[in-house]
Amino acid sequence: MESNYHDRIPNNVDLGSNRTLQRALEHWQPEFLNWWHGLGPSDFNAAEVYLRTALSVDTKGWATFGYVKMPDYRWGIFLAEPETDRKIGFGDNFGQTAWQQVPGEHRSTLRRLIVTQGDTEPASVEQQRLLGHTAPSLYDLRNLFQVNVEEGRHLWAMVYLLHAYFGRDGREEAEELLERHSGDADKPRILSTFNEPISDWLSFYMFTYFTDRDGKFQLKSLAESSFDPLSRTCRFMLTEEAHHMFVGDTGIGRVIKRTIEVMKELGTDDPVAMRKAGAIDLPTIQRYLNFWFSSSLDLFGGDSSSNAASYFANGLKGRPDEERYEDHLAAEQAHTLELPDGKGGVRSEQIPMRNAMNEVVRESYVRDCEKGLGRWNKLLEDSGYPQRMFLPSPRFRRTVGSWANIPTDLDGKPISTEEFAARQTEWLPTEGDRAYVRSLMKGVFERGKMAGWIAPPERGINTKPSDFEYVLLH
Ligand SMILES: [Fe+2]
Ligand SMILES: [Fe+2]
């Protein structure tokens, strides 16, 4: 597949052969840049950042490294290579030829799915826009900006689909993707997690670990779509997304590593003493984890959902790695949900599998989240400490689905509203925690230096040493 990297909009979709589409996207391009300058990373646009840029989707071209000023990053349109004669892998049309165009009857639903995904991409850039000032090192600063430019590219990916396949409605949606803003009182982003401020780096690592991982599962579900251009777009986005989760995984690991070092130095894990020494105590890290994990779980939608059932039936949105399942119709199976019984207990209910798709995907997301926990806990174990990080029950602090607004403890046991109110300072970041974490956030911009609350990375980026000058500020 030809990559037209030197076009005004780099692409591998032969954009030059469709003048109308090309012109429409060239019209959107300055609006995008305008948005980037207004709501993208503040103040670092003149810095040279050691970034990875996709020039094409093959192994040689997808990860090209070099110093780039962020506004000069080449935001392009790249779809994974087409699969010859791709067939629909699930739902009522299983085995039929995948669609190259949008079927009329699924037009508005597919558009909504694409807009909802697309909305999260610029939202996270907006959420993270001030973080550069408090980066713990040049290495981290570079990773933040890498994530930011790629989320910008993911927005391009969705806008391309809207422009190319949804006509005028699609172009209007593309405009609105730049008009809604994270946390805006009048025009907020669509999903609530993407309106939460990210004002410290512990939250950033939690977000890239838990919320970008929701992104991974959404993209994997959409990569199964019968609408082939959507599938190919998402497949390429997933290769970039992997780095975002790496930033979260290693970021949280490095915070815990540093915390363990300070626990050893002081001979105590007392939070007050830990804070005096400038480290983040384990209970605070756990509370941040509880917050972002529970918030990210809501992104999967209701546990019993007729929308999810019809997305599956119609082949719009599938299960991640559908080929691993035996029954691609899922028409006869059932799934057991554990629901609040309304009397302070839990009851089980069987629902049709198709209606449980959100829950099925959420369950595999939870299993994926556990992998990082294993790595972080290994650090504690190897240091001889009995403490362990853990995921709270998926029932805890939910605002979507059957457990929405039902107070539970971390094990998912229903409790009274009073008990929840009394104990939430144990479970969720307090104002004091946030103020303390914020007080640690001071930019460290000297080559090879690292803030005191986080350990240096094990290795650098793209074979460069970890003390490489990843961002040239002057
Ligand atoms: Fe993304
Ligand atoms: Fe991401």
Side-chain angles (χ1 to χ4, degrees), residues 31-32 34-42 112-134 144 147-148 150-152 154-155 158-159 173-219 241 244-245 247-248 287-302 307 358 362 365 369 392 394 396-401 403-405 424 427-431 433-435 437-438 441:
E31 294 173 26
F32 168 82
N34 222 357
W35 166 82
W36 179 269
H37 282 287
L39 287 166
S42 77
R112 196 167 63 241
L113 287 170
I114 292 168
V115 166
T116 306
Q117 179 61 40
D119 193 68
T120 66
E121 314 286 357
S124 66
V125 177
E126 294 167 351
Q127 287 170 290
Q128 297 161 13
R129 69 182 299 263
L130 296 175
L131 284 177
H133 297 283
T134 56
L144 167 71
V147 170
N148 292 162
E150 282 174 352
E151 300 304 6
H154 295 174
L155 171 62
M158 294 295 126
V159 163
E173 294 282 11
E175 306 273 314
E176 284 171 34
L177 284 168
L178 298 176
E179 284 164 15
R180 283 185 294 271
H181 299 143
S182 179
D184 191 292
D186 299 320
K187 284 191 163 185
R189 290 295 176 184
I190 297 171
L191 301 166
S192 64
T193 308
F194 293 89
N195 289 302
E196 299 282 0
I198 304 180
S199 43
D200 63 73
W201 280 74
L202 185 57
S203 298
F204 173 65
Y205 297 131
M206 293 292 172
F207 182 93
T208 43
Y209 188 78
F210 289 107
T211 312
D212 280 279
R213 189 173 309 275
D214 156 72
K216 165 184 165 180
F217 278 76
Q218 299 304 330
L219 293 175
E241 203 61 48
H244 308 180
M245 287 173 287
V247 169
R287 285 193 286 273
Y288 272 68
L289 186 159
N290 296 344
F291 177 88
W292 285 102
F293 175 66
S294 54
S295 179
S296 302
L297 288 174
D298 280 343
L299 295 169
F300 291 85
N307 278 342
N358 289 341
R362 185 165 24 237
Y365 166 82
C369 285
F396 175 73
R397 200 185 79 98
R398 295 293 302 282
T399 65
V400 170
W403 289 93
N405 307 314
Q424 64 168 314
W427 298 332
L428 294 166
T430 63
E431 266 318 305
D433 293 339
R434 292 189 188 278
V437 171
R438 266 200 307 271
M441 299 295 127

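- Checked by atom type, the side-chain pair E151/H244 shows a donor-acceptor distance below 3.5 Å.
- Counting all heavy atoms, side chain and backbone alike, G132 lies closest to L144 at N-CD2, 3.5 Å.
- Residues V125 and W36 have side chains in contact (heavy-atom distance under 4.5 Å, counting atoms from C-beta outward).
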Give the intermediate values and the outcome of side chain to side chain contact (heavy atoms under 4.5 Å, CB included) for residues L178 and L155. CA-CA 10 Å; L178 298 176; L155 171 62; 3.9 Å; yes
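- L289 and P392 make their closest contact through CD2-CD, 4.0 Å (heavy atoms, listed as atom of the first residue, atom of the second, distance).
- Atoms CZ and CG, on F204 and D212 in that order, are 8.0 Å from each other to the nearest 0.5 Å.
- Counting only distance, with no hydrogens or angles, the side chain of Y209 and the backbone of F293 share no donor-acceptor pair below 3.5 Å.
- Here the shortest heavy-atom pairing between R398 and S294 reads CD-O, 4.1 Å.
- The residues K216 and E241 are annotated as not salt-bridged, no charged nitrogen and carboxylate oxygen being separated by less than 4.0 angstrom.
- The closest donor-acceptor contact from the side chain of T211 to the backbone of S296 lies at 3.5 Å or more, if one exists at all.
- In plain terms, the two heavy atoms of C369 and F210 that are nearest each other are SG-CD2, 3.7 Å.
- In plain terms, the two heavy atoms of R112 and T116 that are nearest each other are O-OG1, 2.7 Å.
- At distances below 3.5 Å, at least one donor-acceptor pair connects side-chain atoms of R397 with backbone N or O atoms of F291.
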Give the C-alpha distance, both sets of side-chain angles, the deciding distance and a yes or no for side chain to side chain contact (heavy atoms under 4.5 Å, CB included) between L299 and F217. CA-CA 10 Å; L299 295 169; F217 278 76; over 6 Å; no
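- Checking side-chain atoms of Q127 against main-chain N and O of T193 turns up a donor-acceptor pair under 3.5 Å.
- Listed by chain and residue number, L202, S203, Y288, V437, M441 satisfy the side chain to side chain contact (heavy atoms under 4.5 Å, CB included) test with D200 (two or more places apart in sequence, or in another chain).
- Checked against ring-ring contact (aromatic ring centres under 6.0 Å, His included), F300 has the following partners two or more places apart in sequence or in another chain: Y365.
- Residue E431 holds its CD atom at 6.5 Å from CZ of R438, rounded to the nearest 0.5 Å.
- Ring geometry for W35 against F32 counts as tilted: the plane angle lies between 30° and 60°, on a 0 to 90° scale.
- Applying side-chain hydrogen bond (donor to acceptor under 3.5 Å, both in side chains) to R189 and the options N195, D119, T120 leaves one that passes, D119.
- Counting heavy atoms from C-beta on, the side chains of Q128 and F207 come closer than 4.5 Å.
- N307 is not listed as a side-chain neighbour of N358, based on a closest heavy-atom distance of 4.5 Å or more.
- Judged by distance alone, the side chain of D433 and the main-chain N or O of T430 form a donor-acceptor pair under 3.5 Å.
- Between the R129 side chain and the G38 main chain, a donor and an acceptor come within less than 3.5 Å of each other.
- Summarising the geometry, atom CG belonging to L297 is positioned 10.0 Å from atom OG1 belonging to T399; distances are rounded to the nearest 0.5 Å.
- To the nearest 0.5 Å, atom CD of residue Q117 and atom CG of residue L177 are 11.0 Å apart.
- Considering all non-hydrogen atoms of both residues, V147 and V247 come closest at CG2-CG2, 4.4 Å.
- Atom CD in E196 sits 12.0 Å away from atom CG in L191 (nearest 0.5 Å).
- Remark: S182 OG to I190 CD1 distance equals 12.5 Å, nearest 0.5 Å.
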